[in-house]
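All ligand and atom numbering here is 1-based and tracks the order in the structure.
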Amino acid sequence: MSDPTRIPQHVAIIMDGNGRWAEQRGRERYEGHAAGVEPVRASLRAAARRGVKYLTLYAFSTENWGRPEKEVDALMELFCQSVVNETPELIRQGVEVRMIGDRSRFSEKVQRYLEEVERRTAGGATLTLILALNYSSRSEITRAVRRIAERVEAGELAAGGITEETIDRALDTARVPDPDLIVRTSGERRLSNFLLWQASYAELYFPEVLWPDFTEEEFDRALDEYARRERRFGLVK
Ligand code: FPP
């Protein structure tokens, strides 16, 4: 039986389709990314309204550095501008912002802007917005394994003492519950190196809509679809 009141605690979104949205309109790709900011606001509003506690957005993958320099620069500028412009509203809404991914590759300016928004929104209790920036699962897991190996080398931890919890705590998502629902827009049906460890029991949902056209109603539709699914976690009914 579907339970319309069943709300995922953590929703993660692969925001896909900005480039196609722009191309369909004969515009530059970066204009598609700029048009992707309003759906971020809409998703935050909808998530807060429905009682979702964690919203993770895949904003920039480790592979995205391979895009034309002009597009990468435009995206960096958009992240900086967005965090500066949106911070007062995020604080007002009680949104705490966190980043996952390897931020060391970003310019000092971008790192400063990201630290600033994390610092200023810390303690927001309505929901946590997690931005995946220069993120890929394999890179995150590799960094986690290195950290654990360092603890073993230092004699703080026995190899036999490594548990799933040890790994969970070494990931960028430490202390964040696993996503219950992962949404990828634009009809693509892949996880593309996103939260592979954490997605073990997530429900997956692939609406056709391109990210710039994603609205609060689309977010609600994703939650309705989630409420209809039966999650068994490997158990029987
Ligand atoms: C994927 O579409 C989208 C991105 C790589 C960038 C996502 C960034 C935003 C939505 C900007 C706003 C974000 C924040 C956090 C302020 P694509 O370019 O791969 O689309 P395509 O597959 O149609 O080419």
Side-chain angles (χ1 to χ4, degrees), residues 11-48 54-91 93 95-103 105-106 109-111 113-118 120-121 124 127-137 139 172 182-195 206-216 218-219:
V11 177
I13 307 183
I14 303 175
M15 309 182 285
D16 198 8
N18 295 350
R20 273 164 284 168
W21 184 93
E23 278 156 24
Q24 284 170 6
R25 285 160 182 76
R27 300 206 212 154
E28 299 276 353
R29 291 181 57 83
Y30 72 82
E31 294 182 75
H33 300 313
V37 177
E38 184 48 39
V40 171
R41 293 192 195 105
S43 299
L44 265 173
R45 280 195 302 271
Y54 296 87
L55 177 66
T56 298
L57 301 177
Y58 203 1
F60 195 86
S61 74
T62 52
E63 289 81 20
N64 287 153
W65 293 109
R67 294 190 175 203
E69 198 181 330
K70 190 174 154 199
E71 184 176 345
V72 172
D73 289 349
L75 271 169
M76 293 301 141
E77 199 46 48
L78 192 61
F79 295 144
C80 290
Q81 259 180 30
S82 301
V83 296
V84 171
N85 294 343
E86 304 297 327
T87 297
E89 182 57 20
L90 293 171
I91 294 169
Q93 289 181 21
V95 175
E96 176 171 75
V97 180
R98 265 182 71 169
M99 315 285 162
I100 56 171
D102 179 7
R103 64 175 84 185
R105 194 168 161 190
F106 290 118
K109 174 186 157 185
V110 174
Q111 292 192 41
Y113 277 67
L114 298 177
E115 272 159 28
E116 177 81 0
V117 67
E118 281 182 319
R120 291 185 60 200
T121 61
L127 73 81
T128 303
L129 170 66
I130 300 164
L131 296 177
L133 286 165
N134 191 25
Y135 176 86
S136 81
S137 251
S139 143
D172 296 350
I182 297 183
V183 178
R184 180 176 191 152
T185 57
S186 89
E188 304 288 348
R189 291 158 189 255
R190 288 186 298 278
L191 286 180
S192 297
N193 223 343
F194 183 52
L195 301 179
F206 302 110
E208 293 295 322
V209 61
L210 301 177
W211 178 251
D213 294 327
F214 196 80
T215 56
E216 281 196 54
E218 294 284 350
F219 193 96

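Checked against a 3.5 angstrom limit, the closest N/O atoms of Leu131 and ligand 1 fall outside it. On a distance-only criterion, Asn18 and ligand 1 share at least one N/O pair closer than 3.5 Å. Residue-to-ligand polar distances keep Ser82 apart from ligand 1: every N/O pair is separated by 3.5 Å or more. Considering both main-chain and side-chain atoms, Arg67 comes within under 3.5 Å of ligand 1 through a nitrogen or oxygen pair. Considering backbone and side-chain N/O of Glu71, none are found under 3.5 Å from N/O of ligand 1. Polar contact check, Trp21 against ligand 1: no nitrogen or oxygen pair lies under 3.5 Å apart.
Sorted by first and then second residue, the salt bridge (Lys or Arg N to Asp or Glu O under 4.0 Å) pairs involving residues 74-88 (not counting sequence neighbours) are Arg41-Glu86, Glu77-Lys109. Within the structure, ring-ring contact (aromatic ring centres under 6.0 Å, His included) contacts touching residues 58-84 (residues at least two apart or in different chains) are Tyr58-Tyr135, Tyr58-Phe194, Phe60-Trp65, Trp65-Phe106.
Note on Arg25 versus Glu31: no salt bridge recorded, every NZ/NE/NH1/NH2 to OD/OE distance being 4.0 Å or above. Salt-bridge formation is not detected for the pair Arg98/Glu118: no Lys NZ or Arg NE/NH1/NH2 atom is positioned less than 4.0 Å from an Asp or Glu carboxylate oxygen.
Distances below 4.0 Å separate heavy atoms of Leu78 from the following atoms of ligand 1: 11 (C). Within ligand 1, the atoms closer than 4.0 Å to a non-hydrogen atom of Trp211 are 10 (C), numbered from 1 in the order shown. For ligand 1 and Gly19, the ligand atoms under 4.0 Å from any heavy atom of the residue are 17 (P), 18 (O), 20 (O), 21 (P), 23 (O), 24 (O). Ligand-side atoms of ligand 1 in range of Asn64: 5 (C), range being under 4.0 angstrom from any heavy atom.
Note on ligand 1: Glu188 sits outside its first shell, no heavy atom being nearer than 4.0 Å. Within the 4.0 Å heavy-atom cutoff, Glu23 does not count among the residues contacting ligand 1.
Atom OH of Tyr113 has 12 or fewer heavy atoms from other residues, nucleotides or ligands within 6.0 Å.
No hydrogens or angles considered: nothing links the side chains of Glu115 and Gln111 as a donor-acceptor pair under 3.5 Å.
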